[in-house]
Amino acid sequence: QVQLVESGGGLVQTGGSLRLSCAASGRTFSSSSMGWFRQAPGKEREFVAAIRWRGGSTYYADSVKDRFTISRDYDKNTVYLQMSSLQPEDTAVYYCALDTSPRLTTMSSTYDYWGQGTQVTVSS
């Protein structure tokens with residue numbers, strides 16, 4: 001069974017940085033892609049970034065482009081989301097998700113496995 005475990009969330013001031021981690025286990029991921037999504041209170045879950053395990057191609061939502069960086073450690077089966085220049089509107093629960101195909105998509109319905117989420121709060 002696939003398990004995704006996020007960590008690294010917390011409270012940070014406006015303009016600060018955080019790095020989220022997502023450790024994956026339970027299968028080989030070479031033909032997969034990983035995504036980060038977030039959900040703020042009262043809002044729908046939205047796409048943040050995605051990365052292809054093999055090759056490392058990435059894709060970002062416009063709202064985080066140039067501020068967030070997604071990366072992966074192939075040997076550790078871990079995906080990271082480095083977040084900088086954080087703003088109050090970035091406050092949300094952040095989820096990592098696994099798509100068992102190598103496509104890079106923004107649609108949450110295409111992802112097969114999800115982590116439990118980690119809270120990120122940006123104070124103004």
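Side chains are part of it too, since the values below use all heavy atoms of this structure and drop only hydrogens, waters and symmetry mates.
- Atom OG1 of Thr69 sits about 8.0 Å away from atom CG of Leu81, to the nearest 0.5 Å.
- Every pair passing side chain to side chain donor-acceptor pair (under 3.5 Å) that includes a residue from residues 100-109 is listed here, sequence neighbours excluded: Asp99-Ser101, Asp99-Arg103, Thr100-Asp112, Ser101-Arg103, Thr105-Thr110.
- For Val120 against Leu20, the heavy-atom pair with the smallest separation is CG2-CD2, 4.0 Å.
- Within the structure, salt bridge (Lys or Arg N to Asp or Glu O under 4.0 Å) pairs that include any residue of residues 36-58 comprise Arg38-Glu46, Arg38-Asp90 (at least two apart or interchain).
- Note: the hydrophobic cluster containing Ile51 also contains Phe68 (ILVMFWY, side chain heavy atoms under 4.5 Å, direct or indirect links).
- Heavy atoms only, all atoms of each residue included: Tyr94 and Met83 are closest at CE2-SD, 3.9 Å.
- Sorted by first then second residue, the side chain to side chain donor-acceptor pair (under 3.5 Å) pairs that include residues 71-89, not counting sequence neighbours, number zero.
- Once rounded to the nearest 0.5 Å, the distance linking OH of Tyr59 with OG of Ser33 reads 13.5 Å.
- Remark: Tyr111 engages Phe37 in a ring-ring contact (aromatic ring centres under 6.0 Å, His included) (not counting sequence neighbours).
- Taking 4.5 Å as the limit, some side-chain heavy atom of Trp53 sits within range of a side-chain heavy atom of Val79.
- Using modelled atom types, one side-chain atom of Thr118 and one backbone atom of Gly9 make a donor-acceptor pair closer than 3.5 Å.
- Between Pro88 and Ser124 there is a side-chain heavy-atom pair separated by less than 4.5 Å.
- From Leu18, atom CG reaches atom CG of Leu11 across 8.5 Å, with rounding to the nearest 0.5 Å.
- Sequence neighbours left out, not one pair with a member in residues 56-95 passes disulfide (SG to SG under 2.5 Å).
- In this structure, CG on Leu98 lies 5.5 Å from CE on Met34, to the nearest 0.5 angstrom.
- Side-chain atoms of Tyr60 and Asp62, non-hydrogen and from C-beta on, never get closer than 4.5 Å to each other.
- Under a hydrophobic-cluster definition in which Ile, Leu, Val, Met, Phe, Trp and Tyr are linked whenever side-chain heavy atoms come within less than 4.5 Å, directly or via other members, Tyr95 and Ile70 are assigned to different clusters.
- Residue pairs meeting the side chain to side chain donor-acceptor pair (under 3.5 Å) criterion with at least one member in residues 10-22: none, sequence neighbours excluded.
- In this structure the side chain of Leu4 never reaches within 4.5 angstrom of the side chain of Gln116, judged on heavy atoms.
- Within the 4.5 Å cutoff, side-chain heavy atoms of Glu6 are placed close to those of Trp36.
- Following chains of ILVMFWY side-chain contacts shorter than 4.5 Å, one cannot reach Val48 starting from Val93, and the two form parts of different hydrophobic clusters.
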